[in-house]
Amino acid sequence: MSSLTPPCDSDHHEQPDSQVLSLRIEAALFERLNDHAAKRGMSVQDYVVRTLVRDDFDERFKASVERTEQLYGPSPQVGGGLA
């Protein structure tokens with residue numbers, strides 16, 4: 001079984017903005033994550049982080065679009081011009 005980066009003291013890192021998160025997940029889910037990561041040439045840790053960052057961006061983008069529509073109204077439909 002492969003292991004993720006072990007926790008360590010923050011004194012040994014030069015990345016003060018990072019934190020360690022340890023998860024316990026069932027073996028079947030880990031294997032699925034490992035398969036997805038391997039297809040992309042990534043570690044499970046990198047794959048999970050990339051997925052979380054992408055999801056967070058999607059949520060923030062959707063919220064900004066909704067806020068813009070509240071302020072300025074819905075955007076005009078693209079491609080709906082005169083024929």
Side-chain angles (χ1 to χ4, degrees):
M1 181 173 176
S2 47
S3 65
L4 298 176
T5 305
C8 56
D9 296 331
S10 60
D11 295 341
H12 297 100
H13 293 287
E14 294 181 14
Q15 299 175 348
D17 292 337
S18 66
Q19 306 251 343
V20 174
L21 172 65
S22 177
L23 299 172
R24 181 178 301 270
I25 59 175
E26 63 183 22
L29 176 56
F30 182 84
E31 291 304 317
R32 286 182 26 224
L33 290 171
N34 194 39
D35 290 343
H36 288 292
K39 289 177 186 175
R40 292 160 179 81
M42 304 171 77
S43 69
V44 173
Q45 180 176 339
D46 289 342
Y47 177 77
V48 170
V49 168
R50 186 185 77 151
T51 303
L52 291 171
V53 168
R54 185 179 64 229
D55 186 55
D56 180 59
F57 172 81
D58 290 347
E59 287 181 28
R60 288 183 290 125
F61 182 76
K62 181 180 176 189
S64 68
V65 168
E66 289 172 353
R67 181 68 177 140
T68 300
E69 288 179 347
Q70 287 174 353
L71 294 172
Y72 301 105
S75 61
Q77 295 296 322
V78 177
L82 298 174

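Numbers here simply count residues along the sequence, with the first being 1. Keep in mind the model is a prediction, meaning the values are calculated, not measured.
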Exercise. CD/Glu69 to CG/Leu71 distance, rounded to the nearest 0.5 angstrom?
Worked result: 10.5 Å

Exercise. Nearest 0.5 Å, what's the CZ-CG distance between Arg60 and Asp55?
Worked result: 10.5 Å

Exercise. Got a sec: does the CZ of Arg32 have more than 12 other heavy atoms crowding it under 6.0 Å?
Worked result: no

Exercise. Going from NZ on Lys62 to CZ on Phe57, what distance comes out if it is rounded to the nearest 0.5 angstrom?
Worked result: 14.0 Å

For this session: Could you tell me which non-hydrogen atom of Ser43 sits nearest to which non-hydrogen atom of Ala37, and how far apart they are?
Result: O-CB, 3.6 Å

Exercise. Of Asn34, Val49, Asp35, Ile25, which meets side chain to side chain contact (heavy atoms under 4.5 Å, CB included) against Val44?
Worked result: Asn34

For this session: Kindly work out whether a path of hydrophobic side-chain contacts (I/L/V/M/F/W/Y, heavy atoms less than 4.5 Å apart) joins Met42 to Val53.
Result: no

For this session: Step by step, work out the side chain to side chain contact (heavy atoms under 4.5 Å, CB included) result for Leu33 and Thr51.
Result: CA-CA 11 Å; Leu33 290 171; Thr51 303; over 6 Å; no

Exercise. Is there a donor-acceptor contact under 3.5 Å from the side chain of Arg40 to the main chain of His36?
Worked result: yes

Exercise. Do Val48 and Leu29 belong to the same hydrophobic cluster, where Ile, Leu, Val, Met, Phe, Trp and Tyr are linked whenever their side-chain heavy atoms lie under 4.5 Å apart, directly or via other members?
Worked result: yes

